[in-house]
Amino acid sequence: MPNPTSPIPTLPIPTLTVIDHPLVQHKLTLLRRRETPTARFHEVMREVSQLMGYELTRDLPLEDRPMETPLASFDAPLLTGKKLCLVSILRAGQGLLDGMRTLLPSARIGHIGLYRDQETLTPVEYFFKVPEDIEERLVILVDPMLATGHTAVAAVHRLKDAGAAAIKLAVLVAAPEGLRTFHDAHPDVPVFTAAVDERLDENGYILPGLGDAGDRLYGTR
């Protein structure tokens, strides 16, 4: 079996970034463990999302502005350009949102409620709320799992319909099938993940994966 935390070289997706930092990979392993309890699962997911946030925001523009230190005056770098919006796909996306919001406290927050129909594996929307000025913001869409890809595809369609022009997708674990589906639908949206796993099973779950992220996050199973 291939190493599930390594990128699969047969995926020709130029917009894919696999975050292979040792701390991210270590904490992802803790999330994968069957015996990790709910409280610890939530804590580690928040920690991983903060670490991923550094990579997601690596290309934010800076500009020099004059400032005073206790000893001297000089031009210091500060963030400039588009404002940020963090959008969570409910409910599991809240686990990643918590950590990124700590890292980016001034970001506006949006939510998209989608669940996967267990018969068709297609997404069904039940809630959508984002900032009115979303077209002026860089949107970071978060969801722990990119399995079939249909939920993420639907979420990005809704964001684009609402006016979002700059979007990044952040997931913990992705399946090759979901990456292909997402890239075919939204080749302009970069995807950041901590791991590309082996495949989907017959029920559309990622193998080896980490189970149902929402149930493990909230202890509902």
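No experiment lies behind these values; they were computed from the predicted model shown.
- In plain terms, the two heavy atoms of Ala147 and Ala175 that are nearest each other are O-CB, 3.7 Å.
- Nearest heavy atom pair, residue Thr193 against residue Ala174, reads OG1-N, 3.7 Å.
- Formation of a donor-acceptor pair under 3.5 Å by the Arg158 side chain with backbone atoms of Ile112 is not found in this model.
- Counting non-hydrogen atoms of other residues, nucleotides and ligands closer than 6.0 Å to CZ of Arg46 gives a total above 12.
- Remark: the backbone N or O of Ile206 is not paired with any side-chain donor or acceptor of Arg199 at under 3.5 angstrom.
- Note that CG of Leu207 and CG of Asp201 are 4.5 Å apart. Values are rounded to the nearest 0.5 Å.
- Between the side chain of Ser73 and the backbone N or O of Glu68 there is no donor-acceptor pair closer than 3.5 Å.
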For the pair Val191 and Ile13, evaluate side chain to side chain contact (heavy atoms under 4.5 Å, CB included) and give the outcome as yes or no after the intermediate values.
-> CA-CA 9 Å; Val191 179; Ile13 299 178; 6.0 Å; no
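- Closest approach of Ala162 to Val130, counting heavy atoms only: CB-CG2, 4.3 Å.
- Follow the hydrophobic side-chain contacts under 4.5 Å out from Tyr126 and you reach Val124 in the same cluster.
- Transitive grouping of hydrophobic side chains (ILVMFWY, heavy atoms separated by less than 4.5 Å) keeps Leu90 and Val139 in distinct clusters.
- Side-chain contact check for Leu84 versus Met100: every heavy-atom pair is 4.5 Å or farther apart.
- Side chain of Ser88 to backbone of Gln94: a donor-acceptor contact under 3.5 angstrom is found.
- In this structure Glu136 satisfies the side-chain hydrogen bond (donor to acceptor under 3.5 Å, both in side chains) test with no other residue, sequence neighbours excluded.
- A donor-acceptor distance shorter than 3.5 angstrom exists from the side chain of Glu177 to the backbone of Leu200, with no hydrogens or angles considered.
- The two atoms that bring Leu141 and Ala155 nearest to each other are CD2-CB, 3.9 Å, heavy atoms only.
- The CG atom of Leu28 sits 12.5 Å away from atom CG of Leu23, with the distance rounded to the nearest 0.5 Å.
- Counting only heavy atoms from C-beta outward, the side chains of Tyr218 and Thr38 never approach each other to under 4.5 Å.
- To the nearest 0.5 angstrom, Leu31 atom CG is 10.0 Å from His26 atom NE2.
- For the pair Thr15/Val189, no side-chain contact is recorded, criterion being any heavy-atom separation below 4.5 Å from C-beta on.
- Put simply, CG on Leu146 and OG1 on Thr148 are 8.0 Å apart, with the number rounded to the nearest 0.5 Å.
- The closest side-chain heavy-atom distance from Asp197 to Pro208 is below 4.5 Å.
- In this structure, the side chains of Leu51 and His21 stay at 4.5 Å or more apart for every pair of heavy atoms.
- Crowding of His157 atom NE2: a count of heavy atoms from other residues, nucleotides or ligands under 6.0 Å exceeding 12.
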Start with the C-alpha distance between Arg137 and Asp133, add both sets of side-chain angles, then the distance that settles side chain to side chain contact (heavy atoms under 4.5 Å, CB included), and finish with yes or no.
-> CA-CA 7 Å; Arg137 297 178 178 273; Asp133 63 347; 3.0 Å; yes
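- Arg108 places no side-chain N or O within donor-acceptor distance of the main-chain N or O of Ile134, the cut-off being under 3.5 Å.
- Of the residues listed (His42, Glu43, Met45), the one engaging Asp98 in a side chain to side chain contact (heavy atoms under 4.5 Å, CB included) is His42, and it is the only one.
- Scanning both residues, Gly214 and Asp212, for their nearest heavy atoms gives N-OD1, 3.0 Å.
- Between Leu169 and His186 there is no side-chain heavy-atom pair separated by less than 4.5 Å.
- With hydrogens and angles disregarded, a donor-acceptor distance shorter than 3.5 Å links the side chain of Gln25 to the backbone of Ile19.
- Judged purely by atom type and a 3.5 angstrom limit, Lys168 uses its side chain to pair as donor or acceptor with the backbone of Leu56.
- Between the side chains of Arg91 and Thr220, at least one donor N or O lies within less than 3.5 Å of an accepting N or O.
- Remark: side-chain polar atoms of Thr36 are paired, donor with acceptor, to backbone N or O of Leu30 under 3.5 angstrom.
- One distance of note links CZ of Phe182 with CG of Leu16; it measures 11.0 Å at 0.5 Å rounding.
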Could you walk me through whether Leu159 and Val87 pass the side chain to side chain contact (heavy atoms under 4.5 Å, CB included) check?
-> CA-CA 9 Å; Leu159 289 170; Val87 178; 4.2 Å; yes
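- A donor-acceptor pair under 3.5 Å is absent between the side-chain atoms of Asn203 and the main chain of Tyr205, judged by distance alone.
- When all heavy atoms of Ala154 and Leu114 are compared, the closest pair comes out as CB-CD1, 4.5 Å.
- Both Tyr54 and Val48 are part of a single hydrophobic cluster, where members link through side-chain heavy atoms under 4.5 Å apart.
- At least one side-chain heavy atom of Ile109 sits less than 4.5 Å from a side-chain heavy atom of Leu97.
- Going from atom NZ of Lys27 over to atom CE of Met52 covers 14.0 Å, rounded to the nearest 0.5 Å.
- Proximity of Leu62 to Leu79: side-chain heavy atoms (C-beta onward) are separated by under 4.5 Å at one or more points.
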